[in-house]
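Working notes for the structure below.
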Amino acid sequence: AGKTTLVRELDARLRAQDVPTLTLSMDDFHNPRSIRQQRGRLSPDGYYTDAFNVPLVLRRVLAPLRSDAKVVTVPSASLDLLTDRFVKGADVTVGVDTVILFEGVFLFRPELVGRWDLRIFLQIDFETVLARALRRDAPQMGGATAVERRYRERYIPGQRRYLAQADPIRAADVVVDNRDPTAPKLIEPAP
């Protein structure tokens, strides 16, 4: 949808104004493969329910950031997805004046949605998702056929479940139609 690109652009603008920032990504907080794929490699429920270590994010990242402490230390990652090994030494120190830019999928799920000060949802259709995935993911996922299968069987159905259960458009403070990333359009969120 363009989440990483948007966060990079926001980060650059904030830093240009001497605002300290820290970018975190849900992609750095996956569960190990044994948990991610316990319902099957292509399970959409496994993608939505098991892919990410949400309890760790809540306990080790968001709780300290929401504390009254002037400085906290939080992990910037928990798992290396390629090696399926836990990351050590990825802790970062964050001051009270630091703007945290947290990007990723499923950030509007019920246990997370109320934790964000500002919620931006990038909206695109699933055919655009697939087209972008084919360009971006084919080399590391084993080609276009493997990408299409994984997206049609796991990722897109998992996203449909998320959209139905979490209703991120209604929960968002800002909704952006990002089908054309060169011309994003601001959409008024539902009241």
Side-chain angles (χ1 to χ4, degrees), residues 1-14 23-31 33 35-54 57 79 81-82 100-191:
K3 299 174 301 296
T4 304
T5 300
L6 173 64
V7 165
R8 268 194 226 118
E9 291 172 4
L10 288 171
D11 183 69
R13 287 181 184 244
L14 289 166
T23 296
L24 298 172
S25 175
M26 195 61 137
D27 278 343
D28 293 322
F29 294 94
H30 274 89
N31 276 315
R33 187 176 297 116
I35 296 172
R36 284 194 319 269
Q37 296 179 4
Q38 65 188 342
R39 298 169 202 257
R41 240 181 107 246
L42 296 175
S43 167
D45 289 335
Y47 176 48
Y48 179 62
T49 304
D50 304 324
F52 301 99
N53 194 336
V54 175
V57 170
L79 187 87
L81 196 57
L82 295 177
I100 310 299
L101 302 168
F102 205 117
E103 65 93 7
V105 297
F106 306 147
L107 295 183
F108 292 75
R109 57 193 300 156
E111 59 269 52
L112 292 172
V113 70
R115 308 293 178 129
W116 316 116
D117 293 322
L118 177 68
R119 295 171 295 272
I120 302 172
F121 183 76
L122 300 180
Q123 183 178 29
I124 64 172
D125 58 87
F126 289 121
E127 289 308 311
T128 303
V129 167
L130 182 57
R132 290 180 187 176
L134 287 166
R135 284 192 306 272
R136 180 189 62 231
D137 299 338
Q140 61 266 30
M141 283 190 178
T145 302
V147 169
E148 184 158 0
R149 181 172 185 216
R150 193 170 307 172
Y151 272 79
R152 291 205 185 275
E153 292 183 30
R154 180 173 171 94
Y155 298 140
I156 292 173
Q159 282 286 334
R160 287 187 194 283
R161 177 179 171 191
Y162 166 65
L163 292 171
Q165 289 184 353
D167 198 4
I169 292 172
R170 183 172 295 283
D173 299 303
V174 177
V175 178
V176 177
D177 177 338
N178 207 38
R179 286 175 290 179
D180 178 359
T182 64
K185 296 177 185 148
L186 187 62
I187 299 172
E188 292 296 323

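What's counted below: heavy atoms across the whole structure, side chains too, no hydrogens, waters or symmetry copies. Quantities reported herein were computed from a predicted structural model and do not represent experimental measurements.
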Look at the side chain of [X] and the backbone N and O of [Y], then say whether any donor-acceptor pair between them is shorter than 3.5 Å.
X      : Y      : answer
Asp137 : Val147 : no
Arg119 : Ala171 : yes
Arg36  : Asp50  : no
Asn53  : His30  : no

[X] to [Y] - nearest heavy-atom pair and separation:
X      : Y      : result
Ile124 : Arg179 : CG2-N, 3.4 Å
Ala166 : Arg109 : CB-CA, 4.0 Å
Gly158 : Pro44  : N-CB, 3.5 Å
Arg154 : Gly40  : NH1-O, 3.6 Å
Pro184 : Asn178 : CB-OD1, 3.6 Å
Ala172 : Phe108 : CA-CE2, 3.7 Å

Query raised in the report: Does CZ belonging to Arg136 count more than 12 external heavy atoms closer than 6.0 Å?
Result: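 Atom CZ in Arg136 is crowded, with more than 12 foreign heavy atoms closer than 6.0 Å.
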Query - Steps toward salt bridge (charged side-chain N to carboxylate O under 4.0 Å, His left out) verdict (Glu127, Arg152) - result: CA-CA 10 Å; Glu127 289 308 311; Arg152 291 205 185 275; 3.4 Å; yes
Query raised in the report: Does one side chain, of Ser25 or Asp28, offer a donor that lies under 3.5 Å from an acceptor on the other?
Result: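 There is no such pair between these side chains.
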Query - Distance flag, aromatic centroids of Tyr47 and Phe106, threshold under 6.0 Å - result: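 Ring centroids of Phe106 and Tyr47 are less than 6.0 Å from each other.
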Would you compute the distance between atom [atom1] of [X] and atom [atom2] of [Y] and round it to the nearest 0.5 angstrom?
X      : Y      : atom1 : atom2 : value
Ile35  : Arg33  : CD1   : CZ    : 12.5 Å
Arg170 : Leu163 : CZ    : CG    : 13.5 Å
Asp117 : Phe102 : CG    : CZ    : 13.5 Å
Phe29  : Leu24  : CZ    : CG    : 5.5 Å

Query raised in the report: Run the side chain to side chain contact (heavy atoms under 4.5 Å, CB included) check on Gln38 and Asn31 step by step: do they pass?
Result: CA-CA 11 Å; Gln38 65 188 342; Asn31 276 315; over 6 Å; no
Report task. Assess whether side chain to side chain contact (heavy atoms under 4.5 Å, CB included) is satisfied between Phe52 and Val105, documenting all intermediate values. Result -> CA-CA 9 Å; Phe52 301 99; Val105 297; 3.5 Å; yes
Do the side chains of [Y] and [X] get nearer than 4.5 Å, heavy atoms only?
X      : Y      : answer
Arg115 : Val57  : no
Leu14  : Leu101 : yes
Ile120 : Leu118 : yes
Tyr155 : Val129 : no
Gln165 : Tyr48  : yes
Thr49  : Arg39  : yes
Glu103 : Thr4   : yes
Lys3   : Asp27  : no

Query raised in the report: Please walk me through it: do Arg150 and Arg41 pass side chain to side chain contact (heavy atoms under 4.5 Å, CB included)?
Result: CA-CA 9 Å; Arg150 193 170 307 172; Arg41 240 181 107 246; 2.8 Å; yes
Query raised in the report: Hey, mind stepping through Leu107 and Trp116 against side chain to side chain contact (heavy atoms under 4.5 Å, CB included) and telling me if it holds?
Result: CA-CA 9 Å; Leu107 295 183; Trp116 316 116; 4.0 Å; yes
